[in-house]
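Below: the structure, in structure tokens.
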Amino acid sequence: MSDGKAPAAWAWLRELLVSLGAVALALLVGAGLLALAGYNVADAYVSLYQGSFGNIYSLADTLLNAIPLLFTGLAVAFAFRGGLFNIGTEGQLYVAALATALVALALPGWPSVLVITAALLAGAAAGAAWGFVPGFLKARTGAHEVITTIMLNYVAILLTTHLVKTQFKAPGPVDQTALIPAAARLPELIATTRLTWAIVIAIALIALVDWVLRRSAWGMDVELLGQNPEAAAYAGVPVQARVAMIMAVSGAIAGLAGSTLVLGVLHRFITNFSPGYGFTGIAVALVARTRPWGIVPAAVLFGALQAGGLSMQLFARIPSDLMTVVQGLVILFVAAPGLVTLFRRRAGKTGMALEREGTR
Amino acid sequence: MRGVHKRFGPVVANDGVDLAVAPGEIHCLLGENGAGKSTLMKILYGLYQPDGGEIRVRGRQVRMRGPRDAMALGIGMVHQHFMLVDRMTVAENLIAGIEPVRHGLIDLARAREQVRAIADRYGLRVDPDARVHDLSVGEQQRVEILKALMRNADVLILDEPTAVLTPQEVDELFHVMQQLKADGKTLIFITHKLRETMAFSDRVTVLRAGRNAGTVQTAATNPQELAEMMVGRHVSLRVSRPPQTPGDVLLELEGVSVTDGRGHARLRGVSLTVRSGEILGIAGVEGNGQLELEEAVAGLRPLAGGKVRIGGQEPLRAGPQGRRDLGLAHIPSDRLRRGLAAPLRLTRNGILGRHWRAPFALRGVLREPPIRSHVSQLLERFQIRGRLEAPAGTLSGGNQQKLVVARELAHGPKVILACQPTRGVDVGAIEQIHAQLLKMRSAGAAILLISADLDELMALSDRLAVLYEGRILVEGPAERFTKPELGLWMAGQRPAAAGAEGARNV
Amino acid sequence: MSDAWDVIFQINTLTAALRLATPIALAAMAGTLSERAGIVNIGLEGKLLAGAWAAVYVTYVTGNPWLGVLAAVAAGMLVGLLLGLFAIRLRADHVVAGVGINILLLGLTTWLMQVIWGSRGTSPTVTPLPRWSIPIVRDIPVLEELVGSHAPLVYFTLLAAPLLWVVLFRTPAGLRLRMIGEHPEAADTVGIPVHRTQYLTLLAAGALAALGGAQLALGDLAWFSQNMSAGRGYMALAANVFGQWNPIGSLLAALLFALTDAVQMRIQTLPNPWPTELVQMLPYLLTVLVLSGAVKRSRPPAALGRHYPPDHSAGAP
């Protein structure tokens with residue numbers, strides 16, 4: 001029963017501050033680690049900045065890294081809104097990426113629009129299937145989706161590797177498919193930047209999810225499930241079907257991260273290609289406070305950390321895995337409502353679906 | 001206790017409360033729901049830290065940092081919601097924190113002995129090896145009392161101990177309290193029931209809206225005076241229920257059976273009918289199938305057998321929507337658990353359950369204008385103070401409940417399933433909700449009222465039925481039951497066999 | 001094909017299973033302990049990694065694997081404390097905090113490996129733990145092969161399971177801990193310090209899980225490699241559910257998972273092996289299947305994952 005008078009704008013600002021504070025705090029701890037390891041912190045963070053926002057090329061790099069995170073972040077956030085924790089986005093993007101590559105390879109000579117659409121749909125379907133399984137198991141048996149999705153990540157990576165190795169391998173030392181035809185490649189949005197129409201697809205998807213959650217009855221079902229599953233059942237929401245469906249939709253969104261990477265950047269499926277876009281999506285979703293439009297700045301932020309981390313590795317010789325550390329810390333900091341109270345010494349409310357246990 | 005202050009966010013629960021309890025007396029702490037009684041006692045027991053004021057025990061000023069301190073000072077508490085672990089045995093619950101130990105392991109034999117010794121002394125029989133979930137509510141309360149006694153409590157706080165008991169069990173509790181008093185214990189008894197106050201206590205302290213409304217000798221006061229102290233104005237809680245001839249059968253249960261997750265029968269062939277313009281009240285001690293009956297009628301639990309008909313029809317679709325299609329409104333027994341999604345806005349909670357239907361949604365798209373006008377009407381009609389865009393969780397308990405009731409009654413329901421419709425709300429809201437239910441009755445709705453509040457049941461119902469161990473034990477016109485009789489039925493006994501026992505009921 | 005099936009029943013597959021079960025079993029028992037006290041422990045994966053890394057690092061520096069084991073215990077307790085800080089003090093959702101910890105430790109151990117050894121894949125080889133053979137057992141033919149010669153932590157695990165059972169179900173400490181997991185308010189009202197007990201439990205659980213990591217790094221192998229726990233922490237949680245929140249059940253479930261792991265490893269050494277990746281999936285698929293089958297029959301501690309005091313306790317009326 002905290003301040004009911006606070007206008008929505010203030011709540012919004014407060015959440016923004018929480019997110020920024022969490023990132024700042026994580027970078028601060030990162031600085032401490034750098035110092036302990038004997039690196040020059042200033043040099044490191046300068047090169048992090050240079051590599052992410054320093055010039056037009058690094059900015060493009062940041063955006064390029066942000067695109068898959070728009071999808072995975074949105075996927076995780078959407079599942080959160082429905083009270084589900086999808087940490088299987090990594091596996092979902094792998095199966096989707098392979099499905100997309102195979103469809104793109106299977107339709108030579110088709111018009112570009114058709115082959116791209118077909119390949120994207122195939123990817124989304126594969127991702128949806130990979131998300132549906134843990135959703136279905138959760139709905140039917142109660143098996144916790146965190147455990148099943150992470151197990152399916154391993155299965156997805158092993159399965160795609162196996163299929164490529166035994167069925168679809170292009171000649172050469174690397175386990176990868178052949179290059180997809182030019183017609184199947186996503187056109188560039190800005191010439192020579194590798195920034196393709198994927199970014200438009202992602203933004204459109206964010207707008208769609210935002211609209212669905214706020215303006216559709218189905219979206220209200222999702223919100224109800226996230227905030228109070230018992231009230232959802234009372235309201236007549238078919239809980240089991242929705243749970244499976246939410247995970248499938250989340251999987252489809254995550255899958256598009258892999259599909260757009262294949263069609264827009266890699267132009268083929270390469271085994272083990274993801275540097276952890278799925279896991280970074282968790283941090284993105286939490287920093288966005290699970291708000292669809294919040295995904296955009298959050299994804300850019302983590303895209304920057306990824307791009308900057310690589311330049312840090314290249315120029316300052318600091319292992320970029322520090323950015324994984326920062327991600328872990330951000331997740332912890334954002335998820336801790338008590339951290340805010342420490343600063344404000346007043347009972348705060350998260351307003352997030354994560355507190356679903358606590359609503360009694 | 002002197003000048004005790006306690007606030008929760010913007011809510012002031014205790015505002016400079018004084019309380020003095022003499023050794024060896026039964027002191028009643030009387031007040032409405034939300035008057036701050038439980039808060040005050042939780043401060044005394046160290047569960048809450050006061051924001052101001054002081055506590056003296058036997059003249060010495062003390063500071064309670066936790067229940068451990070309170071127990072060390074000989075203060076024990078029997079909580080309204082029992083602090084017992086269902087899955088553990090009575091003995092385990094009783095010895096937790098003060099376990100007898102041999103060779104580093106719990107000495108169960110000695111634990112049993114200790115339990116028996118203290119149980120015999122106060123005539124509180126329990127089986128130390130029984131699992132708590134197999135005990136009746138009355139037995140569980142005995143375990144709670146024993147728990148305090150085993151920790152050598154001299155001062156015993158009883159928080160709303162009679163709320164969950166049958167009148168007969170209340171009598172038993174009264175005996176136990178007398179015995180404890182005779183043994184030199186001091187008892188603080190929290191209640192909002194006037195008759196219990198008059199019957200049980202030596203002195204009364206009345207709280208109103210977090211402040212003292214006075215302390216009086218029980219012998220020197222009367223219920224009317226106490227009632228006025230409690231609510232601050234003259235109130236009559238009597239409702240007028242105009243006589244009315246019931247019409248067609250609108251709700252019919254035929255041999256409805258329900259089993260729980262472990263396959264145990266919770267409802268055994270319940271058959272009921274409720275007619276248009278009629279209120280059927282379901283009485284019973286909590287845990288005798290009320291929740292299962294609610295869920296079975298509402299479509300929230302699959303039936304193991306039997307049929308539910310609404311307006312003469314069986315629902316086409318399973319689940320709550322099928323029932324709603326036929327004109328069922330459901331006021332759930334726990335508004336926060338089920339009736340509302342606290343973090344969502346009023347404009348969402350106000351259409352909960354109808355958010356797929358016109359005019360609120362068209363082809364799955366929510367339409368704000370009709371939603372907003374509908375929800376504002378609900379707020380207006382029930383005088384609920386709240387903004388349309390505020391989360392439902394920011395409303396007071398009374399306003400939350402009024403929102404649920406308003407929402408459910410808004411669509412001209414044929415059948416109303418009203419479960420604990422006034423639990424935990426203030427007097428004003430109670431009056432309003434009762435009036436609305438009676439209005440629906442006049443309008444021809446069939447109302448199934450499940451309530452733990454006997455006064456409410458007797459005031460509103462045309463007919464009463466008693467649910468005991470998942471069966472309807474007795475059913476008949478409300479006038480035919482007296483309160484003591486009802487109590488015996490609720491305990492699973494026939495009044496005739498029990499004879500004059502009920503006469504001393506309070 | 002028939003070779004592959006034979007493998008399952010070979011005694012040295014079972015021996016391998018016992019060895020491979022140890023990290024999962026230790027982590028599963030850690031999960032049992034903390035979940036009985038009401039704390040969801042998704043962070044087991046991170047604790048395995050922390051334990052493995054610390055064990056290898058200290059062994060690398062000192063040359064003594066026993067000091068490595070001690071370091072693992074310390075590291076695990078530290079991670080346990082971290083989970084406690086967030087899940088108890090700062091009231092983070094237990095599951096989210098656990099996932100955060102896992103990602104943090106995955107990053108941290110990989111980063112430290114590069115900072116110290118300049119390699120992202122594996123650390124240098126260090127002295128592994130010795131193998132012990134048990135005096136009487138080594139004279140009994142079949143038993144000798146099965147449990148004859150293992151790293152000490154394998155024996156420790158076999159002893160720890162019944163010991164933990166006794167602690168949980170027969171001692172005052174265990175009763176108090178379980179009461180907190182079932183009904184923290186009840187525990188609080190009889191003066192049991194809820195948070196302090198939970199912190200202590202998390203310290204113990206952290207130590208146990210980290211010992212699992214030490215076994216992984218110094219018992220099975222003699223080095224640390226990136227993400228070497230490979231999901232075992234999550235498998236351990238599934239084992240804990242399958243084992244009904246009972247240390248002995250956790251051990252048995254861990255043995256089941258490890259058996260598939262042992263089988264897949266043995267199958268790969270056969271002359272005409274099955275496809276490596278497909279066989280490697282076995283433990284992961286089994287985990288999903290077992291968890292899905294087990295949850296319905298199981299009853300977790302009633303207050304699992306809840307904060308104390310409850311999140312919405314602010315308004316009394």
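Only a predicted model underlies this, so the values are computations on that prediction, with no experimental measurement involved. Chain naming here is simple, since letters A, B, ... match the order of the sequence lines and numbering starts at 1 in each.
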Chain C contact via R140(A) - side chain, backbone, both or neither, heavy atoms under 4.5 Å: backbone
What's the separation between atom OG1 in T280(A) and atom CD1 in I103(C), rounded to the nearest 0.5 Å? 7.5 Å
Rounded to the nearest 0.5 Å, the CD atom of Q313(A) sits from the CZ atom of R120(C) at a distance of 8.0 Å
Does the side chain of Y284(C) reach to within under 4.5 Å of the side chain of N153(A), using non-hydrogen atoms? no
Report yes if some heavy atom in the side chain of M151(A) is under 4.5 Å from a heavy atom in the side chain of M235(C); otherwise report no. yes
Atom group of L322(A) that falls short of 4.5 Å from chain C, counting heavy atoms: both
With a 6.0 Å cut-off (strictly less than), is the heavy-atom count around OH of Y277(A), excluding the residue itself, greater than 12? yes
Tightest non-hydrogen contact, residues L108(C) and V325(A), listed as N-CG2, 3.3 Å
Highest number of heavy-atom pairs under 4.5 Å with chain C: which of V330(A), V155(A), T141(A)? T141(A)
pair V146(A)-Y234(C): side-chain heavy atoms closer than 4.5 Å: yes
To the nearest 0.5 Å, atom OG1 of T148(A) lies from atom CG of L289(C) at 11.0 Å
Chain A contact via T287(C) - side chain, backbone, both or neither, heavy atoms under 4.5 Å: side chain
Which portion of F333(A) sits near chain C, non-hydrogen atoms under 4.5 angstrom: both
Nearest 0.5 Å, please: how far is CG in L90(C) from CG in L332(A)? 9.5 Å
Given N102(C), I101(C), L106(C), I116(C), the one with more heavy-atom pairs under 4.5 angstrom with chain A than any other is I101(C)
What I'd like to find out is whether the side chain of V115(C) reaches to under 4.5 Å of the side chain of P319(A), using heavy atoms alone. yes
Is the shortest heavy-atom distance from the side chain of T276(C) to the side chain of L158(A) under 4.5 Å? no
Under 4.5 Å from any heavy atom of chain C, what part of I157(A) do you find: side chain, backbone, both or neither? neither
Under 4.5 Å heavy-atom distance to chain C, tell me which part of I150(A) shows up: side chain, backbone, both or neither. side chain
Between CD on residue E277(C) and CG on residue L159(A), distance to nearest 0.5 Å: 9.5 Å
The test is side-chain contact (heavy atoms from CB on, under 4.5 Å); show your working for F279(A) and V99(C) and say whether it passes. CA-CA 9 Å; F279(A) 290 117; V99(C) 170; 5.8 Å; no
Pairwise distance CG(L137(A)) to CG(L291(C)) - rounded to 0.5 angstrom: 8.5 Å
Pairwise side-chain contact, L104(C) with T324(A), heavy-atom cut-off 4.5 Å (strictly under): no
Side chain, backbone, both or neither: which part of I87(A) has a non-hydrogen atom closer than 4.5 Å to chain C? side chain
With only heavy atoms counted, which part of L34(A) is less than 4.5 Å from chain C, the side chain, the backbone, both or neither? both
Side chains of Y154(A) and M281(C) in contact at under 4.5 Å (non-hydrogen atoms): no
